[in-house]
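Chain naming here is simple, since letters A, B, ... match the order of the sequence lines and numbering starts at 1 in each.
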Protein chains: 2
Amino acid sequence: MGMADSGLNATAAALLGLLHEGPMTGGQLMSAAERKLGPFWTMTRSQVYRELPALADAGYVRLGKPGPRASQPYSISASGKRAFARWLSEPVTRDQMRNPVTLRVAFGKLHGRDQLAELYGAAEKQHSEALAEARDAAKDAAADGDTYGAAALNFAVQYHKAALSWLKSAPRA
Amino acid sequence: MGMADSGLNATAAALLGLLHEGPMTGGQLMSAAERKLGPFWTMTRSQVYRELPALADAGYVRLGKPGPRASQPYSISASGKRAFARWLSEPVTRDQMRNPVTLRVAFGKLHGRDQLAELYGAAEKQHSEALAEARDAAKDAAADGDTYGAAALNFAVQYHKAALSWLKSAPRA
DNA sequence: GGCGGGACAGTACACAATGGATCGTCGAAA
DNA sequence: TTTCGACGATCCATTGTGTACTGTCCCGCC
């Protein structure tokens, strides 16, 4: 029952996880993350490019030969794999929710009526688009035989469906 | 259609929203936020105590007479109400999701089998508890005649229900 | 050829959010 | 009356977000 602290934050761990598939540059990691994890795990370039040198310092990744545009390939090391495995066995942090639409709805009494309608419209648009994206991504993952990836993406699908159905029942005025 | 930038971040706006119900100290704001917004909007003490002086500097809240334990009551000012109204009319930021359980599931192939079962168990526990809390809070809000508050809390209810049902179908191995 | 403009890799920085440690004050139990 | 625990508040290190910027490469075009 490995419980030793991996010293990884979730972002670093996600990068190490992705690197299990092979060496990638920062840009490639960004797009892989967006494609495979994006719908349920946001990650920004700033974070990626901050963690990568830190991971290298820790010896968890190794640098390859710089490519075009100074792009820098990274590959995971044996100790990186060990750190990732340790991270997997750590207890999950309580999942946190910060939903800006819901926050506004909570103060619905202070809205003008048309404001609320606009809010719902924008929210429905966002969730519909995100739902479509998540569905596509899940289909791709399934087609690749990536059962776990598809399952994870399905979480996002369920989330957006729930949000959409909640929106339909939200108080109009 | 007021689109002028309110200059408020979501946390500051939430505080101003809560202060529409009357003057409160930092501690009272914390508990009010936890009770009424907690299930769909996490907020930490650090944030609250950082925003409050900033809000006072901006003239959006006024300080009352210090109470016991140096507790400091704040009341919203007219310009604070205006700033809040402006914030309400701003476009919502894209809602972002960072779900640590799902992230681990995405790397399910790299888990040991019993690790995955443990993960699901812990996640189910968390969501069940959160679901119960959200339900209670929604009931309280409804009993208070706070339709919007109840609707907002119902979002959390739907979310946790969706998460729980997703967990049941998640790949076991 | 050479000179645009645009896409892309990476950097920089300011601001926001999180979590944990700490400190003084107050109330109540021992 | 002392001590202990809860509470209000503060601080700080780390993490996350958003935007603007640098340089480089590609491609079409004259």
Side-chain angles (χ1 to χ4, degrees), chain A residues 5-15 23-34 37-38 40-58 61 63-74 87 90-100 103, chain B residues 5-15 23-34 37-38 40-58 61 63-74 87 90-100 103:
Chain A
D5 187 356
S6 67
L8 296 174
N9 61 44
T11 301
L15 293 175
M24 285 188 267
T25 68
Q28 291 171 325
L29 280 164
M30 256 317 285
S31 18
E34 208 160 316
L37 315 175
F40 55 86
W41 188 261
T42 70
M43 230 163 71
T44 62
R45 278 203 314 244
S46 311
Q47 284 174 278
V48 172
Y49 287 115
R50 197 177 20 194
E51 290 305 330
L52 250 13
L55 249 16
D57 280 355
V61 298
L63 286 66
K65 303 189 193 312
R69 269 177 260 244
S71 69
Q72 178 63 72
Y74 293 88
W87 177 80
E90 283 170 15
V92 287
T93 67
R94 187 166 183 72
D95 102 14
Q96 50 198 25
M97 178 144 36
R98 279 174 78 85
N99 187 301
L103 179 61
Chain B
D5 187 356
S6 68
L8 296 174
N9 61 43
T11 302
L15 293 175
M24 284 188 267
T25 67
Q28 291 171 324
L29 280 165
M30 256 317 285
S31 20
E34 207 158 317
L37 315 175
F40 55 87
W41 189 262
T42 68
M43 232 162 71
T44 61
R45 270 184 306 288
S46 311
Q47 285 175 279
V48 172
Y49 288 113
R50 185 157 29 77
E51 290 305 330
L52 251 12
L55 249 16
D57 280 355
V61 299
L63 286 67
K65 305 190 191 313
R69 269 177 259 241
S71 69
Q72 178 64 69
Y74 294 88
W87 177 80
E90 282 170 16
V92 286
T93 67
R94 185 166 179 74
D95 106 22
Q96 41 202 21
M97 178 146 32
R98 278 173 79 85
N99 187 301
L103 179 60

Give a yes/no answer on whether the side chain of A/Tyr49 brings an N or O atom under 4.0 Å of OP1 or OP2 in C/dT11. no
Taking only side-chain N and O atoms of A/Gln47, does any of them lie within less than 4.0 angstrom of OP1 or OP2 on D/dT17? yes
B/Thr11 and B/Gln47: side chain to side chain donor-acceptor pair (under 3.5 Å), yes or no, with the steps? CA-CA 7 Å; B/Thr11 302; B/Gln47 285 175 279; 2.8 Å; yes
Interatomic distance, A/Asp95 CG vs C/dT18 P [rounded to whole Å]: 12 Å
CD of B/Gln96 versus C1' of D/dG16: gap in Å, rounded? 8 Å
Give, for atom CZ of B/Arg45 and atom CG of B/Leu29, the distance between the pair rounded to the nearest 0.5 Å. 14.0 Å
Indicate, yes or no, whether a donor-acceptor pair under 3.5 Å links the base of D/dC11 to the side chain of B/Ser46. yes
Of B/Gln28 and B/Thr93, the one whose nearest nucleotide on DNA chain D sits closer to the 5' end is B/Gln28
In whole Å, what is the span from the OH atom of A/Tyr74 to the C1' atom of C/dA9? 11 Å
d(CG, B/Leu103; P, D/dG16) in whole Å: 11 Å
Minimal non-hydrogen separation, A/Met43 against A/Ala33, with atom names: CE-CB, 3.6 Å
For D/dT15 and A/Thr11 - does any side-chain N or O of the residue sit under 4.0 Å from the phosphate oxygens OP1/OP2? no
About how many Å separate CG of B/Leu55 and CG of B/Leu63, when rounded to the nearest 0.5 Å? 10.5 Å
Whole-Å distance between C/dA17 P and B/Leu37 CG? 14 Å
Between C/dC8 and A/Ser71, is there an OP1 or OP2 to side-chain N/O distance shorter than 4.0 Å? no
Starting from C1' on C/dC15, measure out to CG on B/Asn9 and report it in whole angstrom. 9 Å
Roughly, in whole Å, what's the span from CG in B/Leu29 to C1' in D/dA9? 13 Å
Among C/dG10, D/dG16, C/dT18, the one nearest B/Thr42 by side-chain distance: C/dT18
Of B/Trp41 and A/Arg50, the one whose nearest nucleotide on DNA chain C sits closer to the 5' end is A/Arg50
Heavy-atom nearest pair, A/Tyr49 first then A/Gly27, reads OH-N, 3.3 Å
Atom-to-atom span, CE of B/Met30 to P of D/dG8 - whole angstrom: 10 Å
Comparing B/Ala70 with B/Arg98, nearest DNA chain D nucleotide closer to 5' gives the residue B/Ala70
Phosphate OP1/OP2 of C/dC8: any A/Arg45 side-chain N/O under 4.0 Å: no
